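Along the sequence shown, residues carry numbers from 1. Excluded from the calculations below are hydrogen atoms, water molecules and symmetry mates; all remaining heavy atoms, backbone and side chain alike, are included. For ligands, and for the atoms within them, numbers begin at 1 and follow the listed sequence. Everything numeric in this text was worked out from a predicted model, so none of it was measured.
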Amino acid sequence: MDLIDGNQIATAIIAELKAEVAAIGGRKPCLALVRVGEDPASISYVKKKEKTAAEIGVTSRVILPPVSITQAELFKLIDDLNADAAVDGILVQSPLPKHIDEVKVFRRVSPDKDVDGFNTINLGKVAQEDDTGFVACTPAGIMELLARSGVDLKGKHVVVLGRSLIVGKPIALLALQKRAGANGTVTVCHSATANLPAITRQADVLIAAIGRPEFVTAEMVKPGAVVIDVGVNRVPDPSKKTGYRLTGDVAFATVARQCAKITPVPGGVGPMTVAMLMKNTVKAFRMQALAARGG
Ligand code: NAP
């Protein structure tokens with residue numbers, strides 16, 4: 001079994017981006033990070049994004065509205081960032097407080113600055129195989145992990161567990177695309193899927209994104225399959241300083257024994273998500289520079 005090392009692959013991408021940004025004369029790419037309220041997981045995610053941006057030479061602007069911000073006020077904040085020529089990418093950290101409609105907020109971000117790839121237009125561009133858009137960072141990171149680990153999806157049965165807008169649906173569309181590295185035959189499963197193990201056992205490549213700790217067991221995996229574990233679940237563990245341990249959607253210890261390749265949690269898909277956010281930010285910068293030149 002080969003371990004797909006997301007930390008190592010993300011480090012390589014970050015080094016490539018650092019060299020690319022160093023070669024940019026004048027203003028560097030700028031990423032606006034909007035974090036509403038004090039959700040502990042969001043605090044740590046935004047810190048990580050800020051740190052990686054700094055490492056690459058991308059400027060970050062962190063905006064911290066209080067949890068009491070209204071939807072109208074948040075729209076105004078996003079509108080101002082959309083109009084600000086010094087901002088290339090905008091990320092609104094999820095989850096947002098319950099009184100705010102997250103999907104409407106994602107739609108409010110200009111498609112040209114939507115480095116998270118959650119805007120309707122950018123998801124549509126994935127379906128249309130139009131490279132001028134932004135692919136959501138986690139699915140983009142999965143495709144990059146597969147490519148850099150020598151996994152070609154052509155002719156393979158790819159089974160995706162989960163149909164969320166941020167992972168399941170876009171990764172299914174990407175795997176299905178008619179292009180090098182993709183061309184998979186894709187099945188998407190969800191909570192209403194009947195006889196799930198019979199389907200997952202047919203997968204040459206199994207992508208689990210359901211948010212259920214160690215849901216995928218060895219009996220659900222075909223020997224020799226490639227397994228991508230997107231799940232990040234906090235399981236109570238009094239032996240840890242934090243009081244919890246992180247685990248994926250796959251029962252790693254037993255599944256790893258029989259598959260060809262697998263991503264660990266942590267250290268698999270997670271680091272790729274941040275690397276792809278930076279890649280999208282540099283792309284947004286380049287596209288805006290081109291548009292400013294009338295290209
Ligand atoms: P989500 O929006 O909650 O969607 C979960 C999906 O899984 C839904 O489509 C749901 O089906 C399906 N599902 C739930 N229980 C199921 C079951 N028992 N059998 C079959 N399908 C089931 O989750 P998400 O945002 O896609 O995230 C999924 C996981 O990935 C989470 O653990 C999250 O933390 C992690 N994640 C990691 C990263 C990263 O960077 N590593 C990024 C994003 C998410 P229905 O549609 O029928 O409800």
Side-chain angles (χ1 to χ4, degrees), residues 4-7 9-10 13-14 33 39-42 44-49 51-52 91-96 98 101-103 105-106 115-118 123 126 134-146 159-175 186-203 206-217 219-221 227-236 244-252 262-280:
I4 300 180
D5 187 340
N7 281 320
I9 296 173
I13 293 169
I14 285 165
L33 295 159
D39 173 64
S42 295
S44 90
Y45 287 142
V46 169
K47 266 198 192 132
K48 172 74 185 148
K49 288 165 187 174
K51 189 168 159 267
T52 310
L91 177 139
V92 183
Q93 185 63 49
S94 164
L96 290 170
K98 295 261 178 291
D101 184 331
E102 205 162 83
V103 173
V105 168
F106 294 150
V115 286
D116 239 349
F118 294 164
L123 187 58
V126 175
F134 297 101
V135 178
C137 302
T138 302
I142 295 169
M143 292 304 284
E144 195 80 36
L145 270 185
L146 291 169
V159 175
V160 178
L161 290 187
R163 58 177 164 184
S164 73
L165 276 175
I166 64 166
V167 191
K169 280 185 182 127
I171 190 60
L173 287 170
L174 289 168
V186 181
T187 302
V188 184
C189 303
H190 44 77
S191 65
T193 299
N195 206 0
L196 194 79
I199 300 171
T200 58
R201 272 197 298 271
Q202 292 172 29
L206 181 61
I207 301 173
I210 58 174
R212 301 262 182 271
E214 303 186 351
F215 179 89
V216 176
T217 55
E219 306 75 58
M220 295 168 72
V221 179
V227 178
I228 304 294
D229 189 353
V230 187
V232 179
N233 307 294
R234 288 179 177 200
V235 175
Y244 66 85
R245 67 185 163 87
L246 283 185
T247 182
D249 288 345
V250 176
F252 183 88
I262 188 166
T263 58
V265 177
V269 174
M272 293 300 292
T273 299
V274 181
M276 300 318 282
L277 172 68
M278 298 304 148
K279 201 166 175 171
N280 277 349

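- No N or O atom of Leu196 sits closer than 3.5 Å to an N or O atom of ligand 1.
- Using a 4.5 Å heavy-atom threshold, the side chains of Leu165 and Phe118 count as separate.
- Remark: minimum distance from atom 36 (N) of ligand 1 to any protein heavy atom is reached at Val230 O, 3.6 Å.
- Those atoms of ligand 1 with a heavy atom of Val167 less than 4.0 angstrom away are 26 (O), 43 (C), 44 (C).
- Closest heavy-atom approach to atom 33 (C) of ligand 1 within the set Val160, Val232, Val269: this belongs to Val232.
- Distances below 4.0 Å separate heavy atoms of Ile166 from the following atoms of ligand 1: 25 (O).
- For the residue pair Ala251 and Thr217, the shortest heavy atom distance occurs at CB-CA, 4.4 Å.
- Note that CE of Met272 is 3.5 Å distant from CD1 of Ile13, once rounded to the nearest 0.5 Å.
- Counting only distance, with no hydrogens or angles, the side chain of Asp249 and the backbone of Val216 share no donor-acceptor pair below 3.5 Å.
- Contact detail for Pro95 and Ser42: the closest heavy-atom pair is CD-OG, 3.7 Å.
- Closest protein heavy atom to atom 42 (C) of ligand 1: Thr138 OG1, 3.2 Å.
- Side-chain atoms of Ile4 and Ile228, non-hydrogen and from C-beta on, do get closer than 4.5 Å to each other.
- Among protein heavy atoms, the minimum distance from atom 19 (N) of ligand 1 is reached at Phe215 CZ, 3.7 Å.
- For atom 3 (O) of ligand 1, the protein comes within 4.0 Å by no heavy atom at all.
- Side-chain contact between Asp116 and Val92: absent, with no pair of heavy atoms (C-beta onward) separated by less than 4.5 Å.
- Atom numbering of ligand 1 starts at 1 in the shown order; those under 4.0 Å from a heavy atom of Gly270 are 40 (O), 41 (N).
- Protein heavy atom in closest approach to atom 46 (O) of ligand 1: Arg163 NE, 2.7 Å.
- Listed by number with element, the atoms of ligand 1 under 4.0 angstrom from any heavy atom of Gly211 are 28 (C), 29 (C), 31 (C), 32 (O).
- Here the shortest heavy-atom pairing between Val232 and Tyr45 reads CG1-OH, 4.4 Å.
- Of all the heavy atoms in Asp229 and Thr263, the pair that sits closest is N-OG1, 2.8 Å.
- Evaluated by nearest non-hydrogen atom to atom 47 (O) of ligand 1, the leading choice among Ser94, Gly162, Ser191 is Ser191.
- Heavy-atom proximity to atom 12 (C) of ligand 1, evaluated over Thr193, Val188, Ile210, is greatest for Ile210.
- Counting heavy atoms closer than 4.0 Å to ligand 1, residue Arg212 contributes side-chain atoms (C-beta onward) but none from N, CA, C or O.
- Regarding atom 21 (N) of ligand 1, its nearest protein heavy-atom neighbour is His190 C, 3.1 Å.
- Looking only at side-chain heavy atoms (C-beta outward), Met220 and Leu196 come within less than 4.5 Å of each other.
- Residue Gly168 places every heavy atom at 4.0 Å or more from ligand 1.
- In this structure, Thr247 contributes its side chain and Pro213 its backbone to no donor-acceptor pair below 3.5 Å.
- Near Gly231, with a cut-off below 4.0 Å to any heavy atom, the atoms of ligand 1 are 29 (C), 30 (O), 32 (O), 35 (C).
- Taking 4.5 Å as the limit, some side-chain heavy atom of Cys137 sits within range of a side-chain heavy atom of Asn280.
- The shell of residues lying under 4.0 angstrom from ligand 1, judged by heavy atoms, includes Asn233.
- Checked against a 3.5 angstrom limit, the closest N/O atoms of Ser164 and ligand 1 fall inside it.
- For ligand 1 and Thr273, the ligand atoms under 4.0 Å from any heavy atom of the residue are 39 (C), 40 (O).
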